[in-house]
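Chain letters run A, B, ... following the sequence lines, proteins first, then strands; residues in each count from 1.
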Amino acid sequence: MTNDTERTARFNELAEAYSTDLYRYGMWICGNDALAKDLVQETFLRAWRALDSLKDIKAAKSWLITILRREYARTFERKVPKFTDVDKVVVAEEEELEPDAKVERDLLRNGILKLEPKYRDPLLLQVVFGHSCEEISEQLGISKSAVMTQLFRAREKVKRQMQKDGVTGNVHELF
Amino acid sequence: MSMNFSEFKKLLGADPLNRDPETLRARNSAAEFEAAAAEAEAFEEKLQSALLVKPPADLLSNIKAISQQPANKRRNWLPLALAASLLISIGAVTLVWNQSRQWDNVGAYLADHYSHDGSKLVARATELVAQKDIDKIMAKLGATADEQLSDRIRLIKFCPTPEGRGAHMVVSTEQGPMTIIFMPETRVTDGEMVEFDQMHAMLVNLEHGSAAIIGEQGQAVENLQAMIRNSLKTGLVGV
């Protein structure tokens, strides 16, 4: 196998392993499906150009997340994209949700979207990528105890927002 | 020292799926600890489901297409590669221009032209293009692009059109990247929509020449027509 073929195969493995999770992460940090798609494609474009600098394949996930976060900060942070109607983005569950479960899911999504970035980011890293608190600490450059506090508060805030929206019905306006 | 209930709830809030021995011991120490852990796990399951959104069907193929382009490690060969590319491009452009009369209509031209490298150019279009580079290309085509358009251009290059040379642009929009083909010498049926290969395009007549706004079937290409009409000034002599 030539070096070029190996390089392409390595890149394609990364794309297959991480593009879906990176899209989900992008979707929830920018709240817009088209921007999330751009963001992930740009992440992989930069990854392709810098692939030779990735020495340890075990570090690939964190490396890609770092590229995506930088790209997001650089390109999109100053713009506030209009939020996509999440119901138009096909959801991965195979079975149809019961009406009550759908309302609860929408309330949860609304709660996540309303989180400030400092709470949302560690929560997404933990839930979408399965990062441990130590890994989140390294990824975000903050202490493990700060990560744990933010994760605890993130979940509390989501629950409080769900209760609030469940009473006022705000969720139906958003979705 | 054993963990109290408040500490346990904070640990659960930070990591509901935590299975370290101390947390497990605390969980098994009393019914209220066990109930809190079960409640946290149930919430976590719902949270995970809520975050599951399916990526676009073409995401993976678009990403894999990226690996078809040259990488940085070939940088040393860049001058030689550029020279070779230039020669090949000149040959290819000459060939395409010579064949330009083969298109029966603008729709056939767009389908042919876009299938050549349209989606690859979209994938490559990552950086905003400097205004001076846009001005250079536009000036050669007797046109200008104001900031409304130029602030969105992420790729611009000359391209063949049904009648002479034009510009192929990739622009960023709120709906994702779209492609604009500027055809300085070609008139179209204003407002006509054409479809090809899961793409669609709106044709827009300008003061001189025309433009095609190309997007995926789900993208509202018509949303860009007013901006294109206002921003792309054509038919300028001596610019």
One option among B/Glu44, B/Gln175, B/Gln219 has the most heavy-atom pairs under 4.5 Å with chain A, and it is B/Glu44

Counting only non-hydrogen atoms closer than 4.5 Å, does A/Arg153 touch chain B with its backbone (N, CA, C, O), its side chain (CB onward), both, or neither? neither

Non-hydrogen atoms of A/Ala47 and A/Leu64 that approach each other most closely: CB-CD2, 3.7 Å

Whatever's closer than 4.5 Å to a heavy atom in chain B on A/Gln150 counts as neither

Go through the atoms of A/Leu22 and report whether side chain, backbone, both or neither lie under 4.5 Å from a heavy atom of chain B. neither

Under 4.0 Å between a side-chain nitrogen and a carboxylate oxygen: does that hold for B/Lys9 and B/Glu32? no

Which bit of A/Gln126 comes within less than 4.5 Å of chain B, counting heavy atoms only: side chain, backbone, both or neither? side chain

Looking at B/Phe33 and B/Arg27, what are the two nearest heavy atoms and their distance? CB-O, 3.7 Å

Proximal component of A/Phe44, with respect to chain B [non-hydrogen, under 4.5 Å]: both

Is A/Lys37 salt-bridged to B/Asp58, cutoff N-O under 4.0 Å? yes

Which atoms of A/Val158 approach chain B - backbone, side chain, both or neither, heavy atom under 4.5 Å: side chain

Please look at A/Leu123 and chain B and tell me whether the side chain, the backbone, both or neither of the residue comes under 4.5 angstrom of a heavy atom of that chain. side chain

B/Glu174, B/Gln48, B/Lys46: which one forms the most heavy-atom pairs within less than 4.5 Å of chain A? B/Lys46

